[in-house]
Amino acid sequence: MSDFDLVIRGGTTVTASDISVCDVGVKDGLIAAIGAGLPRGDTDIDAKGLLVLPGGVDTHVHLDQPFSSGAEIADDFASGTASAAAGGTTTIVCHAPQTRGGSLAEAVAAYGAKAKQARIDHGFHLLINDPTPEVLERELPALVAAGHRSVKVFMTYESNRLADAQILQVLAAARHAGALVCVHAEHHELIGWLTQALLAAGLSAPKHLAWAKPMVVEREATHRILALAEALDTPIQVFHVSGAQSGEEVARAQARGQKAWAETCTQYLVLGESDMDRLGFEGAKFMISPALRPPSDREALWQLIRDGVIDIVSSDHSPLRFDDPRGKKQHGETAPFNKIPNGVPGLAARLPILYSEGVAKGRIDLRTFVSLVATNPARRFGLAPRKGSIAIGADADIVVFDPTKRMRLTNALQHHGSDYTPYEGLEVLGYPTATYQRGQLIFDGTNVLAQPGAGQLIARSAYAEIAPTGRFPTPFNPFG
Ligand code: URP
Ligand code: ZN
């Protein structure tokens, strides 16, 4: 019997501390050795010329949950996690949605039953749609203590949105319990007003979603949530920053010393508002919230990444079927933009696109890429040190990535439940050739090998990154 169950040999390995050509030895699902000339493993893989990276960590994913539009999500845990594995992602955090009037604890239990089909490791954001005293004072602390260390709130969508007063209650409760609050920041009433004005003017095509949700909608809500979080000294993670102005709001908060962080998503880096103007109903394939932006915002996002203001790139995988009355065609092909459900799939495409558009095109370096897709999300969401790094003692979640492999993205490559990808035809340089979870091969470059049920729910302990700073706008500490 050899010392290692698996040795990945001679790849360019990005570890927590450096980039070097070395071997990675795996024993009992953990990384046991990193170095040159390791003895042969039971399985020995030649990774010469390939990159050996920590498995991707995608902390903004929607699977098997209701959409605000009433459309049917295209991925359950079995199909969604197959897609993740096929794209080099080994850990996801999904949304366990509370129903208004319902219990959060029961919602998490029901969602946990669905997640039993997961092929890869996962955690849950507690999606609070109804912050009653019972939820905030009793259920939330118990759920956080049980390892669900993030909360999600929406500032828009009729069935999800919380009023500012409710958001303040959630911020206070999350601060007390030790959970990170994540936010979908858009000004609900402004979207409603603009939507009605656009429809009255006969402007109802898919592309007009971007006119109903211009950047000011996102900028204002981002500014507001940052202000509320600052006043309560509660760390905050702004989801899907889509362009310059909301990114600048985050940068200003960070400069003030606030624990305020931001992600953007793959789609905001490569797709744009002109995609919503494609012929006929095709534009519906690109309808998401926040809306896609002009090219100048894409360039601004890359700069915000290089400046470290945005330090996570997630997928916001929100898969709908296109040619389906339960999907994008819920109200037919002539539906006005406000009746077309929002959301795009993107779990499998995240690593290949970010590597190709980022590293291969010289916009970011390899270390930044790894930080954006694995190390930072793992750290921010309390999954480290188990996840997000190639380090001794960490889970052997590894993606072997061929930086010379050219691929044209197709829907079949995504291994998801949707019947389309918004990235169809996009040529990428660099692609995963193997994905391992806890030392097991779960994607061999063509087929997903992980079975439903193989994934584990990761309980997250209290962690320092999201501890409050202890600073308030006045000498008064409202929490005593
Ligand atoms: O467009 C996005 N990001 N998601 C849609 C979510 C919903 O519930 O409609
Ligand atoms: Zn989302």
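Ligands are counted one by one from 1 in listed order, and the atoms in each one are counted from 1 as well.
Side-chain contact between F77 and R119 is absent, with no heavy atoms from C-beta onward closer than 4.5 Å.
Residue A179 comes nearest to V151 through the heavy atom pair CB-CG2, 4.1 Å, listed as atom of the first residue, atom of the second, then distance. Smallest separation of non-hydrogen atoms from I305 and V313: CD1-CG2, 4.0 Å. For the pair P54 and V370, the tightest heavy-atom approach, listed with the atom from each and the gap, is CG-CG1, 3.5 Å.
Where the criterion is an N or O separation shorter than 3.5 Å, residue side chain and backbone included, S289 meets it with respect to ligand 1. The distance criterion of under 3.5 Å between nitrogen or oxygen atoms is not met by S69 with respect to ligand 1. Between H240 and ligand 1, not a single N/O pair is under 3.5 Å apart.
Between F239, F154, F67, it is F67 that holds the heavy atom closest to atom 7 (C) of ligand 1.
For the pair K207 and F337, the cation-pi criterion (under 6.0 Å, within 45° of the ring axis) is not fulfilled.
Below the 2.8 Å limit, the Zn ion (ligand 2) has as protein N, O or S neighbours H60 NE2, H62 NE2, D316 OD1.
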Ring pair (Phe, Tyr, Trp, His ring centres under 6.0 Å) between F239 and H125, worked out:
CA-CA 12 Å; F239 271 179; H125 300 303; 5.7 Å; yes
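Judged by distance alone, the side chains of T89 and R350 do bring a donor and an acceptor atom under 3.5 Å apart.
Partner of H60 under the side chain to side chain donor-acceptor pair (under 3.5 Å) criterion, chosen from H184, H240, Q237, E263: E263. With H223 as the partner, the side chain to side chain donor-acceptor pair (under 3.5 Å) test is satisfied by one option alone out of E248, H187, E249: E249.
Each of the atoms 7 (C), 8 (O), 9 (O) of ligand 1 lies under 4.0 Å from some heavy atom of S68. Close approach to I288 involves these atoms of ligand 1, each under 4.0 Å from a residue heavy atom: 1 (O). Below 4.0 Å from some heavy atom of N342 lie the following atoms of ligand 1, by number and element: 1 (O), 5 (C). Under a 4.0 Å criterion applied to the non-hydrogen atoms of G343, ligand 1 contributes the atoms 1 (O).
Closest protein heavy atom to atom 4 (N) of ligand 1: S318 OG, 3.7 Å. What sits closest to atom 3 (N) of ligand 1 on the protein, heavy atoms only, is D316 OD2, 2.7 Å.
Using bins of under 30°, 30° to 60° and over 60° for the plane-to-plane angle, the ring pair W211/H208 lands in the perpendicular bin.
Rounding to the nearest 0.5 Å gives a distance of 13.5 Å between NZ of K116 and NZ of K114.
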